[in-house]
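These values consider heavy atoms only, across backbone and side chains, with no hydrogens, waters or symmetry-generated copies.
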Amino acid sequence: MMQVFNTMSGKKEDFKPQGDEVKMYVCGVTPYDDAHLGHAMSYIIFDVIRRYLKYRGFKVKYVQNVTDIDDKIIARANKLGIPQRELAEKFTRRYFEDMRALNIEEPDVTPYATDEVPKIIEMVRGLIDKGYGYEAQGSVYFRVRKVPDYGKLSHRSLDSMKAGIRIEPGEEKEDPMDFVLWKASKPGEPAWDSPWGPGRPGWHIECSAMSLKYLGNTLDIHGGGQDLIFPHHENEIAQSESFTGVKPFVRHWLHNGMVQMGAEKMSKSLGNLITIKQALQNYSPDAIRIFALGSHYRSPLTYSEEILEAAEKGAERLRQSIRSEERAEVGVGVDIEAYKKRFTDAMDDDFNTPKALATLFDLARELNRLRDMGQGVAQGQFLLLSLANVLGFPLAPWRPWEIAGIPLDEELFAQTSAMIYQELGRSAPSLENQNADSTIDNLVELRQELRKAKRWKQADMVRAKLDEAGIALEDTPQGTVWRRRR
RNA sequence: GGCGGCGUAGCCAAGUGGUCUAAGGCACCGAUCUGCAAAAUCGGCAUCGGCGGUUCAAAUCCGCUCGCCGCCUCCA
């Protein structure tokens with residue numbers, strides 16, 4: 001039985017979805033800037049949870065929204081002098097590029113807030129009818145005092161929150177804790193017609209409306225970063241349960257820890273962030289995944305280059321062990337069931353990815369050992385690959401940089417080649433119609449000749465020059481192979 | 001101030017009463033392999049922030065203490 005930590009109860013619980021299909025909703029992005037490693041962590045985690053559920057035999061319907069209208073988008077668009085829609089579309093596109101690069105599976109449904117205005121208006125109206133919402137000067141607010149169990153997710157009471165609230169001047173709320181369902185628009189702002197005049201959805205309502213529409217009154221899993229617990233998710237509960245009259249809105253609340261920069265949380269507002277695009281320039285998707293999965297998802301994770309470097313080395317280790325080699329011999333193989341059980345036991349325990357990863361590393365070592373002994377390891381490699389896939393690792397078996405989408409620098413290798421031939425006092429072959437790949441192949445071949453002639457110094461020079469250019473050579477019984485070094 | 005969490009080897013990080021003289025990754029040291037390397041393999045490398053309790057038994061429970069972080073306002 002899978003155990004899952006539920007923020008609501010504060011403890012691990014048996015995972016019990018309502019039916020065969022797990023209904024999963026994860027809060028998406030507000031696209032006004034590039035996504036950063038904090039987003040990467042969160043979406044990798046939920047990607048893994050989704051993949052694991054499927055591995056465990058569940059069907060999963062995964063919905064993740066895009067909040068393409070909100071104050072931040074308007075503010076940023078105004079600052080840049082472009083339409084809000086253009087800004088949102090640009091960063092939505094860039095967000096999905098990042099997700100693809102990180103091998104995060106696409107949601108089954110991606111609702112956009114601006115497409116769901118009718119559903120949102122229907123919900124706001126319903127909340128007013130039931131006495132939970134009230135209109136004030138073109139905006140509609142949610143009457144928090146009317147929900148006796150308000151605060152149950154974040155474990156705080158309305159009274160304890162009273163201290164330290166500030167009331168924005170000009171707000172028309174009955175209670176300072178009331179939050180906006182529908183926000184009247186100022187002139188010039190994007191607006192939709194509504195029974196209360198032109199306006200736009202409040203921040204929390206769109207998630208309620210979309211999850212309700214696409215997944216029904218009760219979700220099995222609702223996920224997001226810990227920073228969303230209050231007020232966002234608390235308010236979602238209040239709205240949704242008040243509107244549908246069905247409890248619970250969510251059976252299992254899952255929240256991931258924050259990525260920290262040094263001592264502080266990485267966040268857009270603090271501006272202390274590394275974007276996913278920046279990270280991908282230096283590290284492979286596998287490395288970023290190891291970074292995210294190397295500690296438990298509920299713990300905070302501190303970014304540092306050292307950690308990413310270490311993760312990259314680890315990723316390389318996994319890649320190396322699944323790299324194919326022709327072996328006639330079949331060998332005794334590994335205890336597939338034992339590894340599967342270790343992996344499953346770890347993941348069943350509230351998605352203990354560090355433990356699951358450790359299993360993969362142990363398997364990798366055993367495969368390497370068997371291979372060193374001359375045994376065929378294809379079966380074990382297949383197991384490693386399939387378990388790694390549950391954790392979402394692309395683990396491209398060879399030439400991983402192709403996956404990262406970073407091409408080899410042809411100019412650099414042309415220069416390297418010329419330098420080497422010059423050093424050897426030979427005339428360089430024509431590089432017409434040569435790409436970096438074949439240039440390197442030629443140099444490797446050249447070095448082989450030199451080795452055969454036992455001209456070690458010269459052979460080593462070739463290797464050293466290639467190394468400088470970022471290419472590592474390995475002499476194996478099957479011949480010399482090269483790979484891009486980071 | 002309220003709520004929540006953390007402190008395990010040089011670094012990252014599992015483990016939450018006995019199988020822990022503590023998993024895994026990175027780094028480092030030694031060995032094997034190699035023309036030399038690289039990769040790989042083998043071996044080495046911690047007593048769990050501090051103090052005091054509970055217990056036959058604690059990293060794991062309780063108390064105190066020191067240090068750190070998140071949320072309470074937009075945020076994955």
Side-chain angles (χ1 to χ4, degrees), chain A residues 7 10 26-30 32-33 35-46 64 70-72 75 151 154-157 159-166 168 203 223-232 234 255-260 263-270 273 290-291 293-296 298-302 304 306-318 320-321 323 342 346 349 352-362 364-373 451 454-457 459-460 463-464 467 472-477 480-483 485:
Chain A
T7 305
V26 176
C27 282
V29 289
T30 301
Y32 69 91
D33 212 340
H36 59 254
L37 286 180
H39 299 103
M41 174 186 182
S42 191
Y43 297 124
I44 286 173
I45 295 296
F46 289 108
Q64 185 180 312
D70 111 318
D71 291 0
K72 293 253 165 145
S154 51
H155 307 110
R156 52 191 90 187
S157 68
D159 293 326
S160 76
M161 284 186 278
K162 259 174 134 178
I165 322 173
R166 52 165 188 255
E168 299 290 331
W203 175 37
Q226 280 170 353
D227 52 356
L228 296 181
I229 295 172
F230 190 90
H232 187 53
E234 195 70 60
H255 292 99
N256 64 276
M258 299 290 99
V259 172
Q260 318 240 133
E264 279 179 318
K265 184 177 82 169
M266 179 181 287
S267 79
K268 292 187 189 175
S269 43
L270 290 172
L273 44 81
I290 289 181
F291 167 69
L293 302 178
S295 74
H296 188 82
R298 279 186 286 116
S299 305
L301 183 55
T302 304
S304 76
E306 297 75 58
I307 298 174
L308 266 301
E309 285 300 333
E312 190 69 67
K313 293 273 180 56
E316 187 55 27
R317 187 175 170 73
L318 293 178
Q320 289 279 39
S321 83
R323 118 196 185 193
R342 263 182 78 187
D349 182 16
N352 193 329
T353 54
K355 234 185 200 173
L357 253 183
T359 306
L360 297 195
F361 279 111
D362 281 341
R365 187 192 296 108
E366 186 172 356
L367 292 178
N368 289 335
R369 189 190 300 135
L370 291 172
R371 181 160 49 193
D372 278 4
M373 283 167 18
R451 289 182 71 211
K454 297 204 191 295
R455 299 167 72 170
W456 306 123
K457 270 197 174 161
D460 289 351
R463 183 171 64 195
D467 190 69
L473 300 190
E474 287 178 34
D475 300 326
T476 75
T480 299
V481 293
W482 60 269
R483 68 194 154 86
R485 190 170 49 69

Minimum heavy-atom distance A:Ile290-A:Ala311, with the two atoms named | CD1-O, 3.6 Å
Options B:C36, B:G24, B:A76, nucleotide nearest the side-chain atoms of A:Asp460 = B:C36
With sequence neighbours excluded, what pairs up with A:Ser299 under the side chain to side chain donor-acceptor pair (under 3.5 Å) test?
-> none
5'-most contact on RNA chain B (nearest-nucleotide basis), A:His36 vs A:His155, goes to A:His155
B:U34 versus B:A40 - spacing of their C1' atoms, nearest Å = 12 Å
List, with names and distances, any nitrogen or oxygen atoms from the protein found under 3.5 Å away from nitrogen or oxygen atoms belonging to nucleotides 27-34 of chain B.
from: B:A27; atom 1: OP1; to: A:Lys313; atom 2: NZ; distance (Å): 3.1

Euclidean distance for P, B:A14 against B:G5 (whole angstrom) | 16 Å
Nearest 0.5 Å, what's the CD1-NE2 distance between A:Ile45 and A:His296?
-> 8.0 Å
Nearest-angstrom distance, P atom, B:U55 to B:G50 | 23 Å
Hey, does the side chain of A:Arg317 come within less than 4.0 Å of B:A40's phosphate (OP1/OP2), counting only N and O?
-> yes
Which atom pairs link the protein and nucleotides 42-48 of chain B when you take only N or O atoms and keep those under 3.5 Å?
from: B:C42; atom 1: OP1; to: A:Arg369; atom 2: NE; distance (Å): 2.8
from: B:C42; atom 1: OP1; to: A:Arg369; atom 2: NH2; distance (Å): 2.6

Heavy-atom donor-acceptor pair, A:Asp467 side chain to A:Arg463 backbone, under 3.5 Å | no
Same-atom distance (C1') from B:G18 to B:G10, integer angstrom = 31 Å
Looking at the side chain of A:Arg323, which of B:A76, B:A37, B:A39 is the nearest nucleotide?
-> B:A39
For B:G30, which nucleotide in any strand shown is its Watson-Crick or wobble partner with both distances under 3.5 Å?
-> B:C42
Distance-minimising heavy-atom pair for A:Ala364 and A:Leu318 | CB-CD2, 4.1 Å
Of all residues at least two apart in sequence or in a different chain, which pass the side chain to side chain donor-acceptor pair (under 3.5 Å) check with A:Asp362?
-> A:Arg342, A:Arg365
Roughly, in whole Å, what's the span from CZ in A:Arg156 to P in B:C3?
-> 11 Å
Paired with B:C51: which nucleotide, if any, by Watson-Crick or G-U wobble criteria at under 3.5 Å for both distances?
-> B:G63
Who passes side chain to side chain donor-acceptor pair (under 3.5 Å) against A:Ser295, sequence neighbours left out?
-> none
Pairing nucleotide - B:C56, Watson-Crick or G-U, each distance under 3.5 Å | B:G18
C1' atoms of B:C33 and B:A23, separation to the nearest Å = 28 Å
When the C1' atoms of B:U19 and B:A59 are considered, how many whole Å apart are they?
-> 16 Å
For B:G70, what is the paired nucleotide under Watson-Crick or G-U wobble rules, both distances under 3.5 Å?
-> B:C3
Atom CG of A:Leu228 to atom P of B:C72: distance rounded to whole Å?
-> 10 Å
On a whole-Å scale, what distance lies between the C1' atoms belonging to B:G53 and B:A13?
-> 30 Å
Proximal nucleotide (of B:A23, B:U41, B:A76) relative to the A:Tyr43 side chain | B:A76
Donor-acceptor under 3.5 Å (A:Ser42 side chain, A:Gly38 main chain) = no
Value rounded to 0.5 Å, distance of OH in A:Tyr43 from CD in A:Gln64 | 4.5 Å
When you get a sec, tell me which of B:A39, B:C74, B:A76 is the closest nucleotide to the side chain of A:Pro231?
-> B:C74
Hey, are A:Gln320 and A:Arg323 close enough side-chain-wise for a donor-acceptor pair under 3.5 Å?
-> yes
What are the atom names and distances for every N/O pair under 3.5 Å that joins the protein to nucleotides 13-15 of chain B?
from: B:A13; atom 1: O2'; to: A:Gly294; atom 2: O; distance (Å): 3.4
from: B:A14; atom 1: OP1; to: A:His296; atom 2: N; distance (Å): 2.6
from: B:A14; atom 1: O3'; to: A:Asn352; atom 2: ND2; distance (Å): 3.2
from: B:G15; atom 1: OP1; to: A:Asn352; atom 2: ND2; distance (Å): 3.1

First encountered from the 5' end of RNA chain B, between A:Ala459 and A:Gly225 = A:Ala459
Provide the distance between the two C1' atoms, one in B:G24 and one in B:A46, to the nearest whole Å.
-> 15 Å
In terms of side-chain geometry, is the basic nitrogen of A:Glu234 or A:Arg156 positioned less than 4.0 Å from the acidic oxygen of its partner?
-> no
Measure from the side chain of A:Trp456, starting at C-beta and using heavy atoms only, and say which of B:A23, B:A38, B:G35 lies closest.
-> B:G35
Does B:G35 have a Watson-Crick or wobble partner in any strand here, with both distances under 3.5 angstrom, and which is it?
-> none
